[in-house]
Protein chains: 2
Amino acid sequence: MDDTTDADYEHLLRGADLRVTRPRLAVLRAVRRQPHADTGSVLTAVRAEEPTVSHQAVYDVLGALTDAGLVRRIQPAGSVARYELRVGDNHHHVVCRSCGAVADVDCAVGHTPCLTASDSHGFVVDEAEVTYWGTCSDCTTRPSSPS
Amino acid sequence: MDDTTDADYEHLLRGADLRVTRPRLAVLRAVRRQPHADTGSVLTAVRAEEPTVSHQAVYDVLGALTDAGLVRRIQPAGSVARYELRVGDNHHHVVCRSCGAVADVDCAVGHTPCLTASDSHGFVVDEAEVTYWGTCSDCTTRPSSPS
DNA sequence: CCAAAAAACTTGACTCGTTCAAGAAAAGGG
DNA sequence: CCCTTTTCTTGAACGAGTCAAGTTTTTTGG
């Protein structure tokens, strides 16, 4: 399905004027394997392959990749920062109020749905982010039982 | 424009089965005066009227009022929690990427716009939150000049 | 109006995601 | 292969928010 290789990630990094390093490749692999992973999970996953990578390196890498537009950072209210590789396709997220699980949702309307705000108070708007809130199927089935 | 009195707030609180206390009234007044204020600002504003109120009380009160649906908590990525009195009218927010300023935006489509996600992966969705990202007029005029 | 029960508040310590700073190591151009 | 720049390691620090124990206030019922 997604057989992206390290060579592909190299091209991505170079195209963004970023040096190719082992920590960065490991972070990209980790985020691909676990979409919506938080920094801690990425750190754990990275260290499974590269045991010497520091937590600060992961913060730096995720920041650099986010600035370069190679990964997307989301942060639903009440959650820590989470990262994903799907970028530039205007998709949104459903978040479970009870367990915090996140899933992707393709935009209902198709393209830049509610993008044009009626009155944006002088703001120059460049993105509309939609977050759906609800309860995931696990939490619906098994009410009030923390993971 | 908004001449809500303490008596009105009393009714609101009692209607939500919450006791009427000086800290709660002070918090409601503070949030009315400064929509989108963060907890720290609310604390400062409250202490101008009630100097002995603890920071924990403000956290408790804002939590209780949020649970009761009397105030709404928003938390754009990269920001601390902010609170507002406008509740239950399905409005959204524009957030300035550079200075973090927040303004209200009435829903472009009118009512529950993108609410129906195309495929919600088994989630039971009860709310669609829209956040517009951009640059406020101040930051457009005066580029890269921190407040 | 007073007392008892429940809810709310004060105080102070603490957690944890994230950032800051200084120096060491690695990447890439010449 | 060396030099410059970027990136990474190490370790301390910051700050929003939470936890816990004990006191005060609100409310209800006598």
Side-chain angles (χ1 to χ4, degrees), chain A residues 6-7 9-28 30 36-47 49-68 70-71 73-83 100 146, chain B residues 6-7 9-28 30 36-47 49-68 70-71 73-83 100 146:
Chain A
D6 278 7
Y9 289 143
E10 274 196 46
H11 292 136
L12 278 176
L13 288 168
R14 292 193 200 284
D17 272 310
L18 292 173
R19 293 185 178 177
V20 178
T21 66
R22 297 172 69 75
R24 285 180 176 165
L25 293 175
V27 165
L28 285 167
H36 314 130
D38 58 39
T39 311
S41 307
V42 173
L43 179 59
T44 303
V46 164
R47 281 187 172 158
E49 304 179 332
E50 308 278 346
T52 66
V53 171
S54 67
H55 79 125
Q56 183 66 308
V58 171
Y59 276 99
D60 286 350
V61 168
L62 287 171
L65 296 181
T66 302
D67 290 346
L70 300 191
V71 307
R73 171 192 282 133
I74 63 170
Q75 192 169 4
S79 167
V80 298
R82 294 163 172 274
Y83 297 87
Chain B
D6 277 8
Y9 289 143
E10 273 197 46
H11 292 137
L12 278 176
L13 288 168
R14 292 195 199 284
D17 272 310
L18 292 173
R19 295 185 177 177
V20 179
T21 66
R22 298 172 68 75
R24 285 179 177 166
L25 293 175
V27 165
L28 285 168
H36 314 128
D38 59 38
T39 310
S41 306
V42 172
L43 179 58
T44 302
V46 164
R47 281 187 172 157
E49 304 178 332
E50 307 279 347
T52 67
V53 171
S54 67
H55 79 124
Q56 184 64 9
V58 171
Y59 276 100
D60 287 349
V61 168
L62 287 171
L65 296 180
T66 302
D67 290 346
L70 301 191
V71 307
R73 170 192 283 133
I74 63 170
Q75 192 171 4
S79 167
V80 298
R82 294 163 172 273
Y83 297 88

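Computed over heavy atoms, backbone and side chain alike; hydrogens, waters and symmetry mates excluded. Here the structure is a predicted model, which is why all the values come from computation and not from measurement. Every chain is numbered from 1, with letters handed out A, B, ... down the list of sequences.
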Counting side-chain heavy atoms from CB outward, which of [options] is closest to [X]?
| X | options | answer |
| --- | --- | --- |
| V80(B) | dG28(C), dT10(C), dA16(D) | dA16(D) |
| T21(A) | dT7(D), dT27(D), dT9(D) | dT7(D) |
| Y59(B) | dT7(D), dT18(D), dG11(D) | dT18(D) |
| Q56(B) | dG17(D), dT7(D), dT18(D) | dT18(D) |
| S54(B) | dC9(C), dC8(D), dG12(C) | dC9(C) |

**Message:** Can you see if the side chain of T39(A) gets near the phosphate of dT18(C) - specifically, an N or O under 4.0 Å from OP1 or OP2?
**Reply:** yes
**Message:** Is the phosphate of dT27(D) approached by R14(B) (side-chain N or O, under 4.0 Å from OP1 or OP2)?
**Reply:** yes
**Prompt:** On DNA chain D, nearest-nucleotide positions of A81(B) versus R19(B): which is more 5'?
**Reply:** A81(B)
**Request:** Take H55(A) and V61(A), find for each the nucleotide of DNA chain D with the closest heavy atom, and name the residue whose nucleotide sits nearer the 5' end.
**Result:** V61(A)
How long is the straight-line distance from [atom2] of [Y] back to [atom1] of [X], given to the nearest 0.5 Å?
| X | Y | atom1 | atom2 | answer |
| --- | --- | --- | --- | --- |
| S79(B) | Q75(A) | OG | CD | 9.0 Å |
| L12(A) | L65(A) | CG | CG | 9.5 Å |
| H55(A) | R47(A) | NE2 | CZ | 8.0 Å |

**Fill in**
Closest heavy-atom pair, G100(B) versus R82(B), reported as atoms and distance to 0.1 Å, is O-NH2, 3.8 Å
To the nearest Å, how far apart are [X] [atom1] and [N] [atom2]?
| X | N | atom1 | atom2 | answer |
| --- | --- | --- | --- | --- |
| E50(A) | dT9(D) | CD | P | 10 Å |
| D17(A) | dT5(D) | CG | P | 15 Å |
| R47(B) | dT11(C) | CZ | P | 9 Å |
| D60(A) | dA25(C) | CG | P | 18 Å |
| L13(B) | dA8(C) | CG | C1' | 12 Å |
| L43(B) | dA16(D) | CG | C1' | 12 Å |
| L18(A) | dA26(C) | CG | C1' | 15 Å |
| Q75(B) | dG17(C) | CD | P | 14 Å |

**Item:** 4.5 Å side-chain heavy-atom contact, L43(A) and Y59(A)
**Value:** no
**Prompt:** Could one point to a donor on the side chain of R22(A) or the base of dA26(C) with an acceptor on the other under 3.5 Å away?
**Reply:** no
